[in-house]
Amino acid sequence: MAAGAWLKECARVVAAERERLTELDAAIGDADHGANLDRGFQAIVTELDLGDEAEPGAQLVAAGSLLIRRVGGASGPLYGSALRSMGRALSQGADLSTALEQAVEAVEKLGKAVEGDKTMVDALRPAARAMALAVQEGLDVREALDRAARAAEEGAAATAPMRARKGRASYLGERSEGHQDPGATSAALLIRALAVTW
């Protein structure tokens, strides 16, 4: 299992997409999503042991704790909780599909969000569902993760016409329509990073 490689790829992708995430957030949020996530993932890369020898579950728990401490706004606690839940599940012997499900449930519980609220859940929940179905169909992990990534990307794109029902964007009412959700966009990036590294 390649938790360290995934976290490094997350840091690379977030840095590369930082400006786009900030632009999306500028339309319906605080314009800090890209900068906040970039700061958090760069801290993970520089401060944690992401070597292959480290236990993957412990790596993810440590990374999640660091995000919670370092990243402002809602994204730090939400992504941090997701990584910690995923890490705990892996440490207890869960497979990756089950661990991803645990991560999504943590985000839903903390954010009190469901699909259709125009949040990161709109990318994460389809990803977990697609991966679970792929595993049931007997696909290998790489194929299952590719399906999950595609589902996350489709879910993120589908947030554009939605009216936000959670977070700062919800205060805009109908003005939140027509803008892709930054949290769903970053979630899709992280799931794609998982698919290419795990």
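Just so it is clear, the structure is predicted and the values come from calculations on it, not from any experiment.
Side-chain atoms of D32 do not come within 3.5 Å of backbone N or O of A35 as any donor-acceptor pair. Distance alone, capped at 3.5 Å, is enough to place a donor-acceptor pair between the Q59 side chain and the G4 backbone. In this structure, the side chain of D122 engages the main chain of G116 through a donor-acceptor pair within 3.5 Å. At least one donor-acceptor pair closer than 3.5 Å links the side chain of S65 to the backbone N or O of V61.
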- Query: Are L67 and F41 close enough, and set up right, to give a side-chain contact (heavy atoms from CB on, under 4.5 Å), and what steps lead you there?
  - Reply: CA-CA 7 Å; L67 284 184; F41 276 100; 4.1 Å; yes

- Message: The test is side-chain contact (heavy atoms from CB on, under 4.5 Å); show your working for E17 and R12 and say whether it passes.
- Response: CA-CA 9 Å; E17 296 289 335; R12 187 194 71 76; over 6 Å; no

- Task: Start with the C-alpha distance between D95 and T98, add both sets of side-chain angles, then the distance that settles side chain to side chain donor-acceptor pair (under 3.5 Å), and finish with yes or no.
- Result: CA-CA 5 Å; D95 63 15; T98 302; 2.7 Å; yes

- Query: salt bridge (charged side-chain N to carboxylate O under 4.0 Å, His left out) between E115 and R125: does it pass, once the steps are laid out?
  - Reply: CA-CA 7 Å; E115 279 183 87; R125 174 48 64 194; 5.1 Å; no

- Message: Would E23 and R18 count as a salt bridge (charged side-chain N to carboxylate O under 4.0 Å, His left out) here? Give the steps.
- Response: CA-CA 9 Å; E23 287 172 11; R18 170 179 168 154; over 6 Å; no

- Message: What verdict does the side-chain contact (heavy atoms from CB on, under 4.5 Å) test give for T185 and R20, after you've listed the backbone C-alpha separation in whole Å, the side-chain angles of each residue and the deciding distance to 0.1 Å?
- Response: CA-CA 9 Å; T185 304; R20 182 167 75 101; 3.6 Å; yes

- Message: Assess the residue pair V45 and L7 against the criterion (side-chain contact (heavy atoms from CB on, under 4.5 Å)); give the C-alpha distance rounded to whole Å, side-chain angles, the decisive distance to 0.1 Å, and a yes or no.
- Response: CA-CA 7 Å; V45 170; L7 291 168; 5.9 Å; no

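Between atom CG of residue D140 and atom CD of residue E143 there is a gap of 4.5 Å, rounded to the nearest 0.5 Å. A distance of 4.0 Å separates CE in M131 from CG in L145, rounded to the nearest 0.5 Å. Separating the CG atom in L37 from the OG atom in S75 is a distance of 4.5 Å, to the nearest 0.5 Å. Between the CG atom in D38 and the CD atom in E19 there is a gap of 9.0 Å [rounded to 0.5 Å]. To the nearest 0.5 Å, the span separating CD1 on I44 from SG on C10 amounts to 8.0 Å. In this structure, L60 CG and L83 CG are separated by 6.0 Å, a value rounded to the nearest 0.5 Å.
Placement of L139 and I191 in two distinct hydrophobic clusters is found when ILVMFWY residues are connected by side-chain heavy-atom separations under 4.5 Å, directly or transitively. One hydrophobic cluster, built from ILVMFWY side chains closer than 4.5 Å, cannot hold both L24 and L190; they sit in different ones. Under the 4.5 Å side-chain heavy-atom criterion for Ile, Leu, Val, Met, Phe, Trp and Tyr, L50 and W198 are members of the same hydrophobic cluster. One hydrophobic cluster, built from ILVMFWY side chains closer than 4.5 Å, cannot hold both I68 and L124; they sit in different ones. In this structure, L133 is not a member of the same hydrophobic cluster as L96, with clusters built from ILVMFWY side-chain heavy atoms closer than 4.5 Å.
Shortest non-hydrogen contact noted between A156 and Q180 is O-CG, 3.3 Å. Here the shortest heavy-atom pairing between D117 and K112 reads OD2-O, 4.3 Å. For S97 against A132, the heavy-atom pair with the smallest separation is OG-CA, 3.5 Å. Here the closest non-hydrogen pair linking T197 and A2 is O-CB, 3.4 Å. The minimum heavy-atom distance between E101 and A128, with the atom names listed, is OE1-CB, 3.8 Å. In this structure, R192 and A149 approach most closely via the heavy-atom pair CZ-CB, 3.4 Å.
Only one option out of R39, R70, R69 pairs with E47 in a salt bridge (charged side-chain N to carboxylate O under 4.0 Å, His left out); it is R70.
Side-chain N/O atoms of H33 and T22 include no donor and acceptor closer than 3.5 Å. Between the side chains of E105 and S85, no donor-acceptor pair of N or O atoms lies under 3.5 Å.
Side-chain atoms of E108 and V104, non-hydrogen and from C-beta on, do get closer than 4.5 Å to each other. Taking 4.5 Å as the limit, every side-chain heavy atom of V196 sits out of range of all side-chain heavy atoms of W6. V107 is not listed as a side-chain neighbour of S81, based on a closest heavy-atom distance of 4.5 Å or more. Looking at P182 and I28, their side chains come closer than 4.5 Å, going by heavy atoms from C-beta outward. Counting heavy atoms from C-beta on, the side chains of P126 and R129 come closer than 4.5 Å. Counting only heavy atoms from C-beta outward, the side chains of M120 and Y79 approach each other to under 4.5 Å.
Classification of E153 and R150 as a salt-bridged pair fails, no side-chain N sitting under 4.0 Å from a carboxylate O. A salt bridge is absent between D181 and K118; no separation between the charged side-chain nitrogens and carboxylate oxygens falls under 4.0 Å.
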